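The structure under discussion appears below in the form of structure tokens.
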Amino acid sequence: MDRTPRFLRNIQETLNHKECNTPVVKWRLKSRQKISLLQKFRLCGRLAIICYRLCKFSYKRVDSNKAEFLSILQESDQMSDNKNIEGLLFDPNQYKANKQDRVPVEGKRILRVSPPKRTERDLRYLQVCLRNIKAFAEYPKTMQERLCRVGWYETYEPRRAIVRQGHLPHSFYFILSGVIIVTQYDEERGCTKFLVCLGRGMAFGELAVITNSRRQATCSTRTTTELLCISAKDFVEIFMSGGIHGFRNPEQESFMRTETVHDCEY
């Protein structure tokens, strides 16, 4: 009885076949014979160990610096997941009604229209719609009209970063509805700290545009948020063009005096 292993008999039969008498096929079969099953098993084991060590090293590296990559929103979500709210299996805050006033559908439509195509009637309608936005209403009417002419509408889902720390400024924002959380990453402590919470009627993003520097903080949405966006270029043309001549405008002068009084109060 032939006690030759089956896989060796298959190799011999293959070598005896006429189509396998070429040098290339013989070399391939010969190279396969040199690696035993035990050697293949050892190679696979070594490969698995290498992959495990690489994954472990990558996990430790990300875990040690997770504060840099996780926003305050993600951290707060993790904390809320670990809390048991009066024995409930869900967060009641997710089912509360949103009572904030929103921009009418017609106002959103106008803000999506290209600025050159907006009529005077559209601009007047926008001014009426936005007069309840405190940060917008504080500006003189001439500035409001220019903002309505160049601004556009954007909406963001919860847990979306609108402005990132270290990025160059591109826009200035009015909050039409929703909640914005401002955080800053502390490189010395290696953690993210909460700065302030912004709501409807407030504005953000002007400091980096004015100083032409990188963003000093990250602004993320806590809830579904609607914004009136003004590009950095339009912001400079509206608020910073004209130099000293721009401040000789009676409305501009009155506005600056009002802002000065408010700044002194705080």
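Predicted model, so just to flag it, every value in this text is computed and none were measured. All residue numbers in this chain count up from 1 along the given sequence.
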How long is the span from the [atom1] atom in [X] to the [atom2] atom in [Y], to the nearest 0.5 Å?
| X | Y | atom1 | atom2 | answer |
| --- | --- | --- | --- | --- |
| E237 | I230 | CD | CD1 | 12.0 Å |
| I180 | S220 | CD1 | OG | 7.5 Å |
| L47 | Y52 | CG | OH | 15.5 Å |
| T224 | E157 | OG1 | CD | 7.0 Å |
| Q165 | H167 | CD | NE2 | 9.5 Å |
| Q184 | C191 | CD | SG | 10.5 Å |

Has [X] got more than 12 heavy atoms of other residues, nucleotides or ligands less than 6.0 Å from its [atom1]?
| X | atom1 | result |
| --- | --- | --- |
| R112 | CZ | yes |
| R164 | CZ | no |
| R131 | CZ | no |

Run the side chain to side chain contact (heavy atoms under 4.5 Å, CB included) test on C148 and F136 for me, step by step, so that the C-alpha distance in whole Å, both residues' side-chain angles and the decisive distance to 0.1 Å come before the verdict.
CA-CA 10 Å; C148 292; F136 179 86; 3.6 Å; yes
Contact summary for [X] and [Y], nearest pair of heavy atoms:
| X | Y | result |
| --- | --- | --- |
| I238 | M143 | O-CE, 4.1 Å |
| V103 | K108 | O-CE, 3.3 Å |
| E206 | F172 | OE1-CE1, 3.4 Å |
| L126 | G107 | CD2-O, 3.6 Å |
| R214 | Q216 | O-NE2, 3.1 Å |
| M240 | I210 | CE-O, 4.0 Å |

Please say yes or no: joined through hydrophobic side-chain contacts below 4.5 Å, possibly via intermediate residues, are I175 and V196 part of one cluster?
yes
Count I, L, V, M, F, W, Y as connected when their side-chain heavy atoms are under 4.5 Å apart, and connections chain through other members. Are V236 and V150 then in the same cluster?
yes
Going by heavy atoms in the side chains, are [X] and [Y] under 4.5 Å from each other?
| X | Y | result |
| --- | --- | --- |
| T218 | Y185 | no |
| R222 | L198 | no |
| Y125 | P104 | yes |
| L176 | T155 | no |
| F204 | V182 | no |
| T225 | T223 | yes |
| V113 | D122 | no |
| I133 | L228 | no |

Any donor and acceptor pair, going by atom type alone, linking the side chain of [X] with main-chain N or O of [Y] inside 3.5 Å?
| X | Y | value |
| --- | --- | --- |
| R149 | L123 | no |
| R200 | K134 | no |
| R215 | G205 | yes |

Non-neighbouring partners of A135 that pass side chain to side chain contact (heavy atoms under 4.5 Å, CB included), sequence neighbours left out
F174, A203
Side chain to side chain contact (heavy atoms under 4.5 Å, CB included) partner of W152, the single match among P115, S231, S114:
S231
In terms of side-chain geometry, is the basic nitrogen of E145 or K141 positioned less than 4.0 Å from the acidic oxygen of its partner?
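Looking at E145 and K141, the cut-off is not met.
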